[in-house]
Amino acid sequence: MLSRSLTLFAVVTLALAAAAQDQRHFAFHYGFTVKNVPPGSQVRVWFPLAHSDPYQDVTIRTKDGDLKFRQTEEQEYGNALLFAEDAKSARSEYKFTVDYDVVRREHVTLVDGKLAPGTHPEKIAQLKLARYLEPDRLVPTTGLPTQLAVEQTRSATTQLEKARAIYDYVFATMRYDKSGTGWGHGDTLWACDSKRGNCTDFHSVFMSMARSQHIPARFEIGFPLPADKHSAEIPGYHCWAEFYVDQTGWVPIDISEAWKHQEKRNYFFGAHDANRVQFSLGRDLKLNPAQAGPPLNYFIYPYVEVNGKEYPNVAIDFSFRDVDAAATSATSR
């Protein structure tokens, strides 16, 4: 009886733990400092704003800066951003901060390759999907990616099977490795040749191959939250992707996380966990107002121009704190 009771207790505990992972409530700090600005320079600053969508509720608690800023919207994908400028700099540093309250929910579309219970796919008009079939500057849809996709999907009979075959190819072929140079640009051809990189490289290969097979695919970027910590500095971004097929709608994938947690290979074909916050969508971005430089490869860090040229001397400061954990800790004291 005791053994049965302990077993039941363990099952209930695991079920409650699993349910608790379905969403995550946290505070997120996005800050940066533009440093050593030459006096009298023209300074222009753009940085992305996190947004609410079906999988995250975002509230801006505070926003502050050494320049007055205004909210605008990037035109192609609808990304929200803040813009500030100083026609003639009178200071050497400019600081900006935005503090968010975020509830992020797990996004599950497929379970073991089948539509998750209770999921109702949204059918998207082909016209709205057209951009997600086109190439980006570093994400070609012809040449080597097409050749690889044709080879890897030869036995697939549906678009979903093709997407899984491409996912499995990237998972098996790529290596998460940020040594040396070249990684992090999301350059499909470089990644196909080197067979390594970070999340941008993994998902660029997937997008190139999927789009070449007429499967719309889109790039999303934000920040990761450590699953084993309740607060921490966030050293850098994380990105992931989605693809579209009629029978399932948009399907989330995260191949680089699957590579790092190989027991979750099947899970991340059809799901994104709650340990993330999204900031923007798409590649080759023209900001609003337009930057003097070329389109941005992706938009997650602040972009600064001084006298019409990209200015890299920017110190970043990102961190998070679980709200629920803080409440629990306060209650227990």
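Here, residue 1 is the first one in the sequence, and each next residue gets the next number. All figures in this text were calculated on a predicted structure; none of them were measured in a lab.
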Let's go through Arg24 and Asp322 carefully: what are the C-alpha distance in whole Å and the side-chain angles of both, what is the deciding distance for salt bridge (charged side-chain N to carboxylate O under 4.0 Å, His left out) to 0.1 Å, and is it a yes or a no? CA-CA 8 Å; Arg24 192 166 185 177; Asp322 281 327; 2.9 Å; yes
Of all the heavy-atom pairs spanning Arg196 and Trp190, show the shortest one and how long it is. O-CZ3, 3.2 Å
Of all residues at least two apart in sequence or in a different chain, which pass the ring pair (Phe, Tyr, Trp, His ring centres under 6.0 Å) check with Trp250? Tyr132, Tyr244
Side-chain touch Val34/Asn313, heavy atoms, less than 4.5 angstrom: no
Exam field: side chain Ser208 to backbone Thr141, donor-acceptor pair closer than 3.5 Å: no
Any idea how Phe223 and Tyr30 line up, ring-wise: parallel (<30°), tilted (30 to 60°), or perpendicular (>60°)? perpendicular
Nearest non-hydrogen partners of Pro135 and Pro140, listed with the distance: CB-CA, 4.1 Å
Measure from the side-chain N and O atoms of Thr158 to the backbone N and O of Glu161, and report whether any donor-acceptor pair falls under 3.5 Å. yes
Just by distance, do the side chain of His261 and the backbone of Glu257 share a donor-acceptor pair under 3.5 Å? no
Flag, side chain of Trp240 to backbone of Asp254, donor-acceptor distance under 3.5 Å: no
I'd like to know if the side chain of Gln147 and the backbone of Gly143 have a donor-acceptor N/O pair within less than 3.5 Å. no
If hydrophobic clusters are built by linking Ile, Leu, Val, Met, Phe, Trp and Tyr wherever their side-chain heavy atoms come under 4.5 Å apart, do Val170 and Tyr267 end up in the same one? yes
Is it the case that the side chain of His107 and the backbone of Pro252 share a donor-acceptor pair, with hydrogens and angles ignored and the cut-off at 3.5 Å? no
In chain order, what residues pass the ring pair (Phe, Tyr, Trp, His ring centres under 6.0 Å) check against His29, with sequence neighbours excluded? none
Pair listing, salt bridge (charged side-chain N to carboxylate O under 4.0 Å, His left out) test, anchored in residues 211-225, at least two apart: Asp136-Arg211, Arg218-Glu220, Arg218-Glu242
Calculate, to the nearest 0.5 Å, the distance between atoms CG and CG belonging to Asp246 and Leu160 respectively. 11.5 Å
Which atoms form the tightest heavy-atom contact between Leu189 and Pro145, and what is the distance? CD2-CD, 4.0 Å
Glu305 side chain to Lys309 main-chain N or O, any donor-acceptor pair under 3.5 Å? no
For Phe219, does the six-membered ring have the charged nitrogen or CZ of Arg283 within the cation-pi criterion, i.e. under 6.0 angstrom from the centroid and within 45° of the normal? yes
Please collect all ring-ring contact (aromatic ring centres under 6.0 Å, His included) contacts where either partner lies in residues 81-105, sequence neighbours excluded, each pair once. Phe32-Phe96, Trp46-Phe83, Phe47-Phe96, Tyr100-Phe279
Is there a donor-acceptor pair under 3.5 Å between the side chain of Lys195 and the backbone N or O of Cys192? yes
Taking only residues two or more places apart in sequence or in another chain, which ones pass salt bridge (Lys or Arg N to Asp or Glu O under 4.0 Å) with Asp64? none
So, the side chain of Glu122 versus the backbone of Gly249: is there a donor-acceptor pair under 3.5 Å, distance only? no
Sub-4.5 Å side-chain heavy-atom contact between Leu138 and His185: yes
Output every pair passing ring-ring contact (aromatic ring centres under 6.0 Å, His included) with a member in residues 137-158, not counting sequence neighbours, ordered by first then second residue. none
Measure from the ring center of Phe206 to the ring center of Tyr167 and say whether it is less than 6.0 Å. no
Between the side chain of Asp57 and the main-chain N/O of Ser52, is any donor-acceptor distance below 3.5 Å? no
